[in-house]
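What follows is a short report on a single structure.
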There are 2 protein chains.
Amino acid sequence: MVVKHSHKECTSSLQAVRDALDVVSGKWKLQIIISITTGNHRFREIQRSIPNISSKVLAKELKDLEEHELIKRTVYDDSPVLVEYTILPYADTLDDVIKALYDWGIQHRKKILKK
Amino acid sequence: MVVKHSHKECTSSLQAVRDALDVVSGKWKLQIIISITTGNHRFREIQRSIPNISSKVLAKELKDLEEHELIKRTVYDDSPVLVEYTILPYADTLDDVIKALYDWGIQHRKKILKK
DNA sequence: CATATTGGTAACTTTAAGGTAACTGATTAC
DNA sequence: GTAATCAGTTACCTTAAAGTTACCAATATG
């Protein structure tokens, strides 16, 4: 466990874990990151690439990701306005987190299913 | 990112990430694991150690954790019935996940706050 | 005898996330 | 001239998770 220490130490470190989970969990965030990473940069492009996501939810999630500095929103003020979303280098810092989750998820599914 | 590969590969690996998040995310799961790890083994003990958790939620979360084989529920059939919850060794396999989340959470909070 | 503790369960209410549909105003395509 | 596309916003509705309250039967405590 994160802790062989005191309960207090443990619970205080929970905030950090929760912060990370905020960014990474939820139904859409990783899908959106993947979509942009794989070449979709316009709002409607991203939306079309992710089955069943609504404009409303996509708009909100994009805002969240932008606040967390994982993606960048650039407005090119031609007419009609053009908006582009790109992945920021900071998003790469999530690699370890995602890899850890992925690895554990894979082995866990094997373990639970083989019973 | 997890992926420099195709969109399809990415999205397929999402299930593993989601599996892991199911186990680790949520308001209570880690708090309960911590509580048991630090010496609370009885239902009411655990409940008292975690502020504001209701019997209902605790009972449900304990069942989840048991299904995932992270904890063990043992009933000693004395009268009155005694129930004991203990951490299984399998819970230790979560260490890497929690550490990755923790590390990222710490640095992320620093980064967002110093702005 | 009354009250508290044990490990929960049942019924009900609240909250939050997400879904649905319609709409914007400017521009292009048919 | 009608419809579609762009990037969203708004108001409303549904659903699931979580919280609230009360309760159980057995035992121990004062």
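Values reported hereafter were calculated over all heavy atoms of this structure, with side chains retained and with hydrogens, waters and symmetry mates removed. Quick note on labels: first sequence line is chain A, next is B, and so on, each numbered from 1.
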Among D:dA7, C:dG8, C:dG18, the nucleotide that comes nearest once only the side chain of B:F43 is considered: C:dG8

Closest listed nucleotide, where the reference is the side chain of A:S54 and the choices are C:dG18, C:dT20, D:dG8: C:dT20

N/O donor-acceptor pair, side chain A:R44 with base D:dG8, under 3.5 angstrom: yes

Donor/acceptor link under 3.5 angstrom from B:K56 side chain onto base of D:dG19: yes

Lys/Arg-Asp/Glu bridge criterion (N-O < 4.0 Å) met for A:K72, A:E66: no

salt_bridge(A:D103, A:K99) N-O dist < 4.0 Å: yes

[X] [atom1] - [N] [atom2] separation (whole Å):
| X | N | atom1 | atom2 | value |
| --- | --- | --- | --- | --- |
| B:I53 | D:dA18 | CD1 | P | 10 Å |
| A:D64 | C:dG18 | CG | C1' | 13 Å |
| B:L82 | D:dA26 | CG | C1' | 13 Å |
| A:E45 | D:dC6 | CD | P | 8 Å |
| B:K60 | D:dA16 | NZ | C1' | 10 Å |
| A:I46 | D:dT5 | CD1 | C1' | 16 Å |
| A:L58 | D:dT10 | CG | P | 16 Å |
| B:Q47 | C:dG7 | CD | P | 9 Å |

Can you see if the side chain of [X] gets near the phosphate of [N] - specifically, an N or O under 4.0 Å from OP1 or OP2?
| X | N | result |
| --- | --- | --- |
| B:R48 | C:dG7 | no |
| B:R73 | C:dG8 | yes |
| B:R42 | C:dG7 | yes |
| A:K27 | C:dG19 | yes |
| B:K63 | C:dT9 | yes |

Heavy-atom side-chain contact between A:Y90 and B:K111 under 4.5 Å: yes

Non-hydrogen side-chain atoms of B:R42 and B:L82 separated by less than 4.5 Å: yes

Between CZ on residue A:R48 and CG on residue A:L58, distance to nearest 0.5 Å: 11.5 Å

Sugar-phosphate, base or nothing in reach of A:Y85, heavy atoms under 4.0 Å: sugar-phosphate

